[in-house]
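Just so we're clear, the structure is a prediction, and the values are computed from it rather than from any experiment.
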Amino acid sequence: PGMPSEDRAHFEGLYDAELNFLDQQLGLLLEEIRSQGREDTTLIAITSDHGEEFFERGRFGHRSTLYDEVLRVPLILWGPGFLPGGLVIDEEVSVCDILPTLMDYAAIPPDSRMYGVSLRSLVEQDTAHIDRPDISALTFIPRVPNGFYVLHESAVHQGLKIIRKTHIPWSPEREQ
């Protein structure tokens, strides 16, 4: 709170610079794949482990809340040899689905111990919905100077998002 607008703009500029660098590196990777003639046999998945808050609710970063700007990240699949170009799917999926999807396209049998499901049928539009348990997430945010941790939990069920915060007393013994 109270951060000068110049400082906010600086943070956003640094973040944009990171995205620009990533974009350049992906361009080089795709160029190399094309130069080797491998675009018909290559599938690339691009995602992130978290998003960022830019003061939407007065906070900056990704370690304080479980709001959509932190949890919802894009998943981009690139594979011109076997994926339709320009397809946009609004269905919520999970990072747990990435490995089963890549395994499916590589004709590797699924492992029953895996939590995720292949998104292939969704990509190929054979189904409009992936049937799965409710989406949930949790994180511990240390608040050692205040003497407690905060456990943030979220769940989405039938379009309703629920977020709960629980304060857990901290002691040095817990760290061991």
By side-chain contact (heavy atoms from CB on, under 4.5 Å) - contacts of Pro74 (at least two apart) = none

ILVMFWY network linking Phe11 to Leu19, side-chain heavy atoms under 4.5 angstrom = yes

Taking side-chain contact (heavy atoms from CB on, under 4.5 Å) as the test, write out the residues that go with Glu12, two or more places apart.
-> Phe54

Is there a donor-acceptor pair under 3.5 Å between the side chain of Asp97 and the backbone N or O of Val117?
-> yes

Starting at OG1 of Thr101, measure out to CG of Leu119 and round the result to the nearest 0.5 Å.
-> 3.5 Å

Spacing of Ile98 atom CD1 and Leu77 atom CG [to the nearest 0.5 Å] = 8.0 Å

Cluster link Leu122 to Val95, ILVMFWY, side chain under 4.5 Å | yes

Could you pull out all residues at least two apart from Pro4 that satisfy side-chain contact (heavy atoms from CB on, under 4.5 Å)?
-> Glu6, Asp7

State, to 0.1 Å, how close Asp104 and Ser118 come at their nearest heavy-atom pair, and which atoms those are.
-> OD2-OG, 2.7 Å

Verify same cluster id: Ile46, Ile89 (apolar side-chain graph, 4.5 Å) | no

Say whether Tyr105 and Leu99 are linked into one hydrophobic cluster, either directly or through other cluster members, by side-chain heavy-atom distances under 4.5 angstrom.
-> no

Looking at side-chain heavy atoms only, is the closest gap between Leu43 and Phe82 below 4.5 Å?
-> yes

With a cut-off of 3.5 Å and sequence neighbours excluded, list every side-chain donor-acceptor pair involving residues 26-42.
unit_1 : atom_1 : unit_2 : atom_2 : d
Glu32  : OE2    : Gln36  : NE2    : 2.6
Ser35  : OG     : Glu32  : O      : 2.9
Gln36  : OE1    : Arg38  : NH1    : 3.4
Thr41  : OG1    : Arg38  : O      : 3.2
Thr42  : OG1    : Arg38  : O      : 2.7

So the side-chain hydrogen bond (donor to acceptor under 3.5 Å, both in side chains) pairs with at least one residue in residues 15-25 (sequence neighbours excluded) are none

Members other than Val88 in its cluster, when Ile, Leu, Val, Met, Phe, Trp, Tyr link by side-chain heavy atoms under 4.5 Å?
-> none

If Ile, Leu, Val, Met, Phe, Trp and Tyr residues are connected whenever their side-chain heavy atoms lie under 4.5 Å apart, and connections chain through other members, are Val123 and Val93 in the same group?
-> yes

